[in-house]
Amino acid sequence: MDEVFAQSKRLFSLPLSDKMKLLRNEKHRGYTPILDELLDPDNQIRVGDYKEGYYIGIEEKIPGDDSGGEMPFYGPNIWPAEDLLPGWRKIMEKFHREALEVARAIARLIALALGLENDFFDKSEMLGEPIAVLRLLHYEGQISEPAKGIFGAGAHTDYGLITLLATDENFGLQICKDKEAKPQVWEYVAPLKGAFVVNLGDMLERWSNCVFRSTLHRVLGNGQDRYSIAYFVEPRHDCLVECLPTCKSDENPPKFPPILCKTYLSQRYKETHVDLDTYKSSNDENLGTQHAPML
């Protein structure tokens, strides 16, 4: 984990021109500039999140599947050149493999808590062949002002099953335990070196019929540079997410309709990220003077 933090700082310390050569693609791999993401449009009156990131997914294609465009979250990663960041790819791939095993272990505990067999989420259409995305994050030294709609990351819930989040020593992450409360009550999550914060995602809320609720969270900047490592774990792209048999009854019918994982994820990414065509229309001079196109 220490190595990943060190390598993350090396990446984000590169000139913006070098990072923009690694700009994310349609498969959501690669670099995301400052302001690329807008997570809470109702409250973020400014243009987006004051953070930059880097997406790294699983490269292996599902055996025998030639659907191509029907697999929006699978495909090759975008890697910095080895001479630019020596050893960078090897360290990230190692972390990716080991974090996935942690996520699978946690999913087995969740299965038991829901009255299922402990290997329920190990099926090939779930975490046997998952969509798992490592995202490096850097929050620049911006001071957040919630009253003015300025955030490191706007309030949101994660999209998938669970998220493993490692943070540096700087405070910034806040959670709201009761999403429906008016007003919402926010509290800081203290950094703990070597540990993961586990966020529950929207797909788990749908699967469990709200037995487990997804975690509403946000990041406030305090003027310090802050780094975190997020590891998002979702089922396979063609997994049908529908209410689990142990989580429904005549008195408690399903609260959400069934939905394919790829459909749900594609909707959420489209809602929260700048259209890539916007970058194509930006000239080189603009890229040198601003982090991302204005929304």
- Task: Please determine if R24 forms a cation-pi arrangement with Y55, meaning its NZ or CZ atom is less than 6.0 Å from the six-membered ring centre and no more than 45° off the ring axis.
- Result: no
- Message: Looking at A111, is its backbone amide N or carbonyl O close enough to the side chain of N118 to form a donor-acceptor pair, meaning the two atoms are under 3.5 Å apart?
- Response: no
- Do Y188 and L173 have side-chain heavy atoms sitting under 4.5 Å apart? no
- Query: Does any pair with a residue in residues 152-165 pass salt bridge (Lys or Arg N to Asp or Glu O under 4.0 Å), and if so which ones, sequence neighbours excluded?
  - Reply: none
- Which heavy atom of R226 sits nearest a heavy atom of N170, and at what distance? NE-O, 3.2 Å
- Note on the structure: From the list R89, R29, K27, salt bridge (charged side-chain N to carboxylate O under 4.0 Å, His left out) partner of E59 resolves to R89
- Message: Whether E101 and R97 form a salt bridge (side-chain N of Lys/Arg under 4.0 Å from carboxylate O of Asp/Glu) is what I want to check.
- Response: no
- Message: L116 vs I110, test: side-chain contact (heavy atoms from CB on, under 4.5 Å). Steps then yes/no.
- Response: CA-CA 9 Å; L116 304 165; I110 291 172; over 6 Å; no
- Gap between atom CD1 of I106 and atom CG of L200 - 0.5 Å precision: 9.5 Å
- Message: Are D238 and K262 packed together at the side-chain level, in the sense that at least one heavy-atom pair is separated by less than 4.5 angstrom?
- Response: no
- So which pairs with a foot in residues 96-121 pass ring-ring contact (aromatic ring centres under 6.0 Å, His included), sequence neighbours left out? H96-Y231, F121-W207
- Charged N to carboxylate O under 4.0 angstrom, E52 versus K19? yes
- G87 backbone acceptor or donor facing E82 side chain under 3.5 Å: yes
- Q44 side chain to D40 backbone, donor-acceptor under 3.5 Å: yes
- Query: Okay, side chain of S208, backbone of F212: is any donor-acceptor separation there less than 3.5 Å?
  - Reply: yes
- Message: Under the salt bridge (Lys or Arg N to Asp or Glu O under 4.0 Å) definition, can you give me all pairs with a residue in residues 105-119, not counting sequence neighbours?
- Response: R108-D122
- Transitively linked via ILVMFWY side-chain contacts under 4.5 Å: L244 with V233? yes
- Message: Using modelled atom types and a 3.5 Å cut-off, is there a donor and acceptor pairing between side-chain atoms of R218 and backbone atoms of G154?
- Response: no
- Message: For a quick test of reading the model, state the closest non-hydrogen atom pair linking L260 to L240 and the distance between them.
- Response: N-CD1, 4.1 Å
- Task: State plainly whether the residues R236 and E129 are in salt-bridge range, i.e. N to O under 4.0 Å.
- Result: yes
- Test item: N77 side-chain N/O and W79 main-chain N/O as donor-acceptor pair under 3.5 Å: no
- Item | Polar side chain donor-acceptor pair, H138 to D225, under 3.5 angstrom | yes
- Distance col, row N252:CG vs C247:SG, nearest 0.5 angstrom, shows 8.5 Å
- Message: Quick one, D178 with Q184, criterion side-chain contact (heavy atoms from CB on, under 4.5 Å). Give me CA distance, side-chain angles, the key distance, then yes/no.
- Response: CA-CA 7 Å; D178 184 354; Q184 292 176 334; over 6 Å; no
- Message: Looking at K94, I want to see if its NZ is surrounded by more than 12 non-hydrogen atoms of other residues, nucleotides or ligands under 6.0 Å.
- Response: no
- Query: Roughly how far, to the nearest 0.5 Å, is the CG atom of N222 from the CD atom of Q142?
  - Reply: 11.5 Å
- Task: May I ask whether M126 and V133 are part of the same hydrophobic cluster, defined by side-chain heavy atoms of I, L, V, M, F, W, Y residues being less than 4.5 angstrom apart, directly or through others?
- Result: yes
- Just wondering, do S228 and Y139 contact through their side chains at under 4.5 Å, heavy atoms? yes
- Message: With salt bridge (Lys or Arg N to Asp or Glu O under 4.0 Å) as the criterion, how do K270 and D275 come out once you've worked through the C-alpha distance, each side chain's angles and the decisive distance to 0.1 Å?
- Response: CA-CA 8 Å; K270 185 176 181 180; D275 191 310; over 6 Å; no
- Item | L14 and L85: CA distance, side-chain angles, deciding distance, side-chain contact (heavy atoms from CB on, under 4.5 Å) verdict | CA-CA 10 Å; L14 292 173; L85 294 175; 4.1 Å; yes
- Report yes if some heavy atom in the side chain of I131 is under 4.5 Å from a heavy atom in the side chain of P235; otherwise report no. no
- Please confirm whether the backbone N or O of R213 pairs with a side-chain atom of E205, one donor and one acceptor, at under 3.5 Å? no
- State, with a plain yes or no, whether a side-chain heavy atom of C243 is found less than 4.5 Å away from one of F256. no
- Group every Ile, Leu, Val, Met, Phe, Trp and Tyr by side-chain heavy-atom contacts under 4.5 Å, then state whether F196 and I91 land in the same group. yes
- Query: Got more than 12 heavy atoms from elsewhere within 6.0 Å of CD, Q267?
  - Reply: yes
- Can a salt bridge be assigned to the pair D36 and K51 using a cut-off of 4.0 Å between side-chain N and carboxylate O? no
- Query: For the hydrophobic clusters of this structure (ILVMFWY residues joined by side-chain heavy atoms under 4.5 Å, transitively), does one cluster hold both L164 and I229?
  - Reply: yes
- Message: With rounding to the nearest 0.5 angstrom, report the CG to OG1 distance, L204 to T215.
- Response: 9.0 Å
- Note on the structure: Taking every heavy atom of K248 against every heavy atom of P254, the minimum-distance pair comes out as CD-CG, 3.9 Å
- Item | Nearest-0.5 Å distance that lies between atom CG in D2 and atom CG in D168 | 11.5 Å
- Message: Quick check for you: to the nearest 0.5 Å, what is the distance between L161 atom CG and M203 atom CE?
- Response: 9.0 Å
- Task: Kindly state whether the ring of W88 and the ring of Y54 have centres lying under 6.0 angstrom apart.
- Result: yes
- With no hydrogens and no angle check, is any side-chain donor or acceptor of R104 less than 3.5 Å from a backbone partner on A99? no
- Are Y159 and V219 connected in a single hydrophobic cluster, I mean Ile/Leu/Val/Met/Phe/Trp/Tyr linked by side-chain heavy atoms less than 4.5 Å apart? no
- Message: Ignoring hydrogens, what is the shortest heavy-atom contact between S8 and Y227? Give both atom names and the distance.
- Response: OG-CD2, 4.1 Å
- Query: Considering all heavy atoms of both residues, which atom of E125 and which atom of C239 are nearest to each other, and what is their separation?
  - Reply: O-CB, 3.1 Å
- Message: I'd like to know if the side chain of K179 and the backbone of S214 have a donor-acceptor N/O pair within less than 3.5 Å.
- Response: yes
- Task: I would like to know whether Y31 and F12 meet side-chain contact (heavy atoms from CB on, under 4.5 Å); could you show each step before the answer?
- Result: CA-CA 9 Å; Y31 176 67; F12 291 123; 4.1 Å; yes
- Message: I'd like to know if the side chain of N199 and the backbone of T163 have a donor-acceptor N/O pair within less than 3.5 Å.
- Response: no
- Query: What heavy-atom pair brings L39 and E37 nearest, and what distance separates the two atoms?
  - Reply: CD2-OE2, 3.4 Å
- What class does the angle between the rings of Y74 and H237 fall in, given that below 30° is parallel, 30 to 60° is tilted and above 60° is perpendicular? perpendicular
- Salt bridge flag under 4.0 Å for residues E187 and K177: yes
- State whether D202 and R268 are salt-bridged, where the test is any N-O pair (Lys NZ or Arg NE/NH1/NH2 against Asp/Glu carboxylate O) under 4.0 Å. yes
